[in-house]
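Below is one structure; the comments refer to it alone.
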Protein chains: 2
Amino acid sequence: MARAATTSDAFNAIAEPQRREILALLRGGERPVTELARDLGMSQPQASKHLRVLREVGLVRVRGAGKQRLYGLDARGLRPVHEWVGGFEAFWNGTFDRLDAYVQDLKQDKAGESTDDDDR
Amino acid sequence: MARAATTSDAFNAIAEPQRREILALLRGGERPVTELARDLGMSQPQASKHLRVLREVGLVRVRGAGKQRLYGLDARGLRPVHEWVGGFEAFWNGTFDRLDAYVQDLKQDKAGESTDDDDR
DNA sequence: ACATCATATGCCTATATAGGCATGCATTGC
DNA sequence: GCAATGCATGCCTATATAGGCATATGATGT
């Protein structure tokens, strides 16, 4: 099987750096495709394709403004991502540093190998 | 070109649901591959492969404990992700609701087209 | 040294992505 | 209606992923 579709998830959608850049740019307000493409140094088709992905996962919205199509941010879909990742905050904070705990173990292991069944 | 490597980024690494589950499980402490595989209903080789990706992006660490290899969480790499996504918090909060703002514009645009150069 | 248990790798397949390019489609203005 | 502008799509390629399966590699105990 291949990787999950980029459109399956906000997680997958934002895995692509350029899409992240697009989203970042859109914080400044709505923009037409061409402008995004120019500012990010990508081709118009590429921008359109990335925007399509972002639209399919609901991170972006379009509205036609005459000849143009203005893309706007809809960040609500990022909330679950933020929450999921936030669930690990304690672990990089040092507050609940599981890492330290086992870096200790690591050092002890240098001396005598322990079975460490207590950590399972 | 293909998608960026899963190992290129924490963003890419966590795009895969099973890898997210692994990370979540590891919050409970270190675990050997087999156990992870069993608990998540995946094959041992698959677990090993996912763990390899997680290890390559630094989200996970291994330490040999006799015959076993205990995998432990190293969430520090998730911090940048959290921060990036957090940069959008104002936009799903309603605090700085760009979406509302432009729904307003939408209505106004019905009447008179504005050049919007102020928003660039 | 050997059998055993725990993991890592290799190989094969199906899928689809990002990107380049050309072109279709839509809206506007003349 | 027609030309022009703004975007979306289609087509082609290279790449590599997730997963299944078999097997190599590693460490342990006897």
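Side-chain atoms are counted along with the backbone in the values below, which use heavy atoms only and exclude waters and symmetry mates. Throughout, a chain's letter reflects where its sequence line sits, starting with A, and its residues are numbered from 1.
- We find that CG of B:Leu36 is positioned 15 Å from C1' of C:dA8, with the value rounded to whole Å.
- Under 4.0 Å is where a charged nitrogen must lie from a carboxylate oxygen, and between B:Glu30 and B:Arg63 at least one such pair does.
- Remark: P of C:dT4 and NZ of B:Lys67 are 11 Å apart, rounded to the nearest angstrom.
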### From CA spacing to verdict: salt bridge (Lys or Arg N to Asp or Glu O under 4.0 Å), B:Arg55, B:Asp74
CA-CA 9 Å; B:Arg55 194 157 35 109; B:Asp74 181 354; over 6 Å; no

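- Between the B:Arg19 side chain and the B:Ala13 main chain, a donor and an acceptor come within less than 3.5 Å of each other.
- Taking atom CE of residue B:Met1 and atom C1' of nucleotide C:dC21, one finds them 16 Å apart after rounding to whole Å.
- Listed for the B:Gln68 side chain is no donor-acceptor partner under 3.5 Å among the backbone atoms of B:Leu70.
- Both B:Ser43 and B:Ala2 lie near DNA chain D, and the one whose nearest nucleotide falls closer to the 5' end is B:Ala2.
- At whole-Å resolution of the value, CD in A:Gln18 and P in C:dT17 are 16 Å apart.
- Taking the ring centre of B:Phe11 as origin, the terminal cationic atom of A:Arg20 falls inside the region bounded by 6.0 Å and 45° from the ring axis.
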What N/O pairs connect the protein and nucleotides 8-12 of chain D at under 3.5 Å? Give each pair on its own line.
| residue | atom | partner | partner atom | Å |
| --- | --- | --- | --- | --- |
| D:dA8 | OP1 | A:Arg69 | NE | 3.4 |
| D:dA8 | OP1 | A:Tyr71 | OH | 2.3 |
| D:dA8 | OP2 | A:Ser48 | OG | 2.3 |
| D:dA8 | N7 | A:Gln44 | NE2 | 2.7 |
| D:dA8 | N6 | A:Gln44 | OE1 | 3.2 |
| D:dG10 | O6 | A:Lys49 | NZ | 3.0 |

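- If you check every strand for non-hydrogen atoms under 4.0 Å, B:Ala4 touches nothing.
- B:Arg3 has its CZ atom 11 Å from the C1' atom of D:dA18, to the nearest Å.
- One interatomic measurement links the two molecules: CD1 of A:Ile22 to C1' of C:dG19, which rounds to 13 Å at whole-angstrom precision.
- Within the structure, a side-chain polar atom (N or O) of B:His50 is placed less than 4.0 Å from OP1 or OP2 of D:dG19.
- We find that CG of B:Asn12 is positioned 12 Å from C1' of C:dA18, with the value rounded to whole Å.
- In this structure, the side chain of B:Arg76 does not engage the main chain of A:Phe91 through any donor-acceptor pair within 3.5 Å.
- B:Arg19 has a side-chain polar atom (N or O) that falls below the 4.0 Å cut-off from OP1 or OP2 of D:dA18.
- Distance alone, capped at 3.5 Å, is enough to place a donor-acceptor pair between the A:Arg27 side chain and the B:Gly87 backbone.
- Following rounding to the nearest Å, A:Gln68 (CD) and D:dT5 (C1') show an atom-to-atom distance of 10 Å.
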